[in-house]
Protein chains: 2
Amino acid sequence: MTSDKLAECLRTNPVVVRRTMGLLREAGIVTSDRGHAGGWRIAVDLSTVTLRQLHSALGEPAFFAIGNRNETPECLVEQAVNAALDDTFIKAEALLLERFSEISLADLAADFSRRYAEHRKQGR
Amino acid sequence: MTSDKLAECLRTNPVVVRRTMGLLREAGIVTSDRGHAGGWRIAVDLSTVTLRQLHSALGEPAFFAIGNRNETPECLVEQAVNAALDDTFIKAEALLLERFSEISLADLAADFSRRYAEHRKQGR
DNA sequence: GTTTCATGTAACTTATGTAGTTACGATTCG
DNA sequence: CGAATCGTAACTACATAAGTTACATGAAAC
C-alpha cells in the first residue's frame, strides 16, 4: 500500500506515514519499495509481531503523562514524592509492557475480521 | 506563605502558583488571605490529605500519555486495539489510584524531614 | 484614611512538542 | 522518457501548558 493510500485511511498526511513507517522498516517489520508499483509491504508474519515490538520500534514513547520529571532531583520534596511513587509507576509500566507483549498483530487482525464481518451483516 | 515566596521555591511564577493553589482552595485543602500578612495556609491535617485527593482537586489529569484517543471510534481497527488494551489500562490506572490514596501528605512530610536531617548532617 | 501588601483574574506572550505541508531529489518500472 | 513512489530536509500550523503583565479587590499597619 502506498503512503498516499495509508494517509487517506489514517486521515493524515503521506509524509507523516513515511516517517512512522520508516521506523517500522528499521525494525524489519515492513519493507518499502520506490517507484512504480512501490509502497509498503508487511515483512513478517503478523503472529510474530507484538505491540511490545511496535512500541519498541517507535522509540519507546513514555506511557505516563504525569510522574517523575526528574530521576535524581536536588529538591528534597521531589525526592520524597519520587520515592513514594517510583515503585508503583514501575509496576504499572510492567503491567502494560507485559500486556503489550501478549498481543500480536495477528490477534488484532483476527478481532478486526470478526468486527468487519459483523459490520457487514449489520450494514444490510 | 505568599504566592511570591512559593513561586520562588518552586522556581515558577506567582500567578501560576495562584492558579494551582486556587484549585486546592476550592477543595478545602488550603485557605488564602489577602492583604498584609496574607498568603496561603494549610487548612487541614496533613495526615488526612492523600495524593488521590490532590489529583482529584487538580482536575484528575490523565495518567497516560498513550492509549485510547477515542472511547467509541468508528474505525474497526481502532476498536480492536481499544478492546485489546482497555482492560489493562484500567487496571494500571486502578493500581496508581490505589497507591495515590495510600500516600498522605503527612507521609511525604515525614520522609522529607528524614531527608532534610540527613542532608544537614552531610552538609557539615 | 492612606499606604502597603496580598490575592483574583483577565488577557496576552512565550515555549514546546506534535502534526501537517511543501518541495525536491532519488529510484523504479513500464 | 515519464509516471509513480519513497526519502528527507525545511518550513508552517496548531494545541497545550507555562509564564507574564496589568490591574482590580481586599485587608492590615500606621
Side-chain angles (χ1 to χ4, degrees), chain A residues 1-44 51 54-71 73-75 77-78 81 89, chain B residues 1-44 51 54-71 73-75 77-78 81 89:
Chain A
M1 185 178 281
T2 66
S3 302
D4 272 48
K5 200 70 189 164
L6 272 170
E8 194 187 327
C9 293
L10 296 168
R11 313 270 199 275
T12 180
N13 187 284
V15 176
V16 174
V17 170
R18 285 187 204 120
R19 282 208 275 251
T20 302
M21 294 298 280
L23 295 172
L24 298 188
R25 183 187 49 225
E26 286 172 24
I29 297 168
V30 300
T31 58
S32 62
D33 292 302
R34 297 189 192 200
H36 205 105
W40 301 91
R41 219 175 294 277
I42 295 168
V44 295
L51 292 189
L54 291 190
H55 181 252
S56 165
L58 297 179
E60 314 223 331
F63 280 112
F64 300 112
I66 62 178
N68 244 350
R69 300 207 158 181
N70 187 340
E71 206 55 61
E74 202 182 334
C75 171
V77 175
E78 204 173 343
V81 174
F89 275 111
Chain B
M1 185 179 280
T2 66
S3 302
D4 272 48
K5 200 68 190 166
L6 271 170
E8 194 187 326
C9 293
L10 296 169
R11 312 271 198 275
T12 182
N13 188 287
V15 176
V16 174
V17 170
R18 285 186 204 122
R19 281 208 277 252
T20 302
M21 294 297 281
L23 295 171
L24 299 187
R25 183 188 49 226
E26 284 172 25
I29 297 168
V30 300
T31 57
S32 62
D33 291 302
R34 300 191 191 198
H36 205 105
W40 301 92
R41 219 175 296 275
I42 294 168
V44 295
L51 293 188
L54 291 190
H55 181 253
S56 165
L58 298 178
E60 314 223 329
F63 279 113
F64 299 112
I66 62 179
N68 245 348
R69 300 207 160 184
N70 188 341
E71 206 57 59
E74 201 181 336
C75 170
V77 175
E78 205 172 343
V81 174
F89 275 111

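Letters go in sequence order (proteins before strands), and every chain restarts at 1.
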Quiz item: Quick one: L58(B) CG to dA17(D) C1', roughly how many Å, whole number?
Solution: 14 Å

Quiz item: Within a reach of under 6.0 Å around CD of E60(A), are more than 12 heavy atoms found that belong to other residues, nucleotides or ligands?
Solution: yes

Might you list the N or O atoms of the protein lying below 3.5 Å from N or O atoms in nucleotides 28-30 of chain C, with each pair's distance?
residue : atom : partner : partner atom : Å
dT28(C) : O2   : H36(A)  : N            : 3.2

Exercise. Hey, could you give me the CE/CZ distance between M21(B) and R41(B), rounded to the nearest 0.5 Å?
Key: 11.5 Å

Quiz item: So, is T2(B) close to the dA6(C) phosphate, meaning a side-chain N or O under 4.0 Å from OP1 or OP2?
Solution: no

Exercise. Kindly give the heavy-atom pair with the smallest separation between A43(B) and G28(B), and that separation in Å.
Key: CB-O, 3.6 Å

Quiz item: Of R69(B) and M1(B), whose nearest nucleotide on DNA chain C comes first from the 5' end?
Solution: M1(B)

Quiz item: Once you round to the nearest 0.5 Å, how far does CZ of R18(B) lie from CG of N13(B)?
Solution: 8.5 Å

Exercise. Can you see which heavy atom on I66(B) is nearest to which on A62(A), and at what distance?
Key: CG2-O, 3.7 Å

Exercise. State the CZ-SG distance between R69(A) and C75(A), to the nearest 0.5 angstrom.
Key: 12.5 Å

Practice problem: Starting at atom CG of D4(A), determine the distance to atom C1' of dC6(D), rounded to an integer number of angstrom. | Solution: 10 Å

Self-check item: Degree of bending, the helix from dG1(C)-dC30(D) to dG30(C)-dC1(D) (end axes from five pairs; round to 10°)
Solution: 0°

Exercise. Find out whether L58(A) and L24(A) are in side-chain contact, i.e. whether some heavy atom of one side chain is under 4.5 Å from a heavy atom of the other.
Key: yes

Quiz item: Between E71(A) and N68(A), which heavy-atom pair has the shortest distance, and what is it?
Solution: OE2-ND2, 3.2 Å

Quiz item: For the residue pair H55(A) and F63(A), does the interplanar ring angle fall in the parallel (under 30°), tilted (30 to 60°) or perpendicular (over 60°) class?
Solution: parallel

Practice problem: Mark yes when over 12 heavy atoms from residues, nucleotides or ligands other than I42(B) sit less than 6.0 Å from its CD1; otherwise mark no. | Solution: no

Quiz item: Does a nitrogen or oxygen in the side chain of S32(A) sit under 4.0 Å from OP1 or OP2 of dG7(D)?
Solution: yes

Quiz item: Which residues in residues 5-24 of chain A have at least one heavy atom lying under 4.0 Å from any atom of DNA chain D?
Solution: V15(A), R18(A), R19(A)

Exercise. Measure the distance from CZ on R25(A) to P on dC6(D) and round it to the nearest whole Å.
Key: 10 Å

Practice problem: Looking at every strand, decide which applies to R41(A) at a 4.0 Å heavy-atom threshold: base, sugar-phosphate, or nothing. | Solution: nothing

Quiz item: So, do W40(B) and L6(B) sit near enough that their side-chain heavy atoms are less than 4.5 Å apart?
Solution: yes

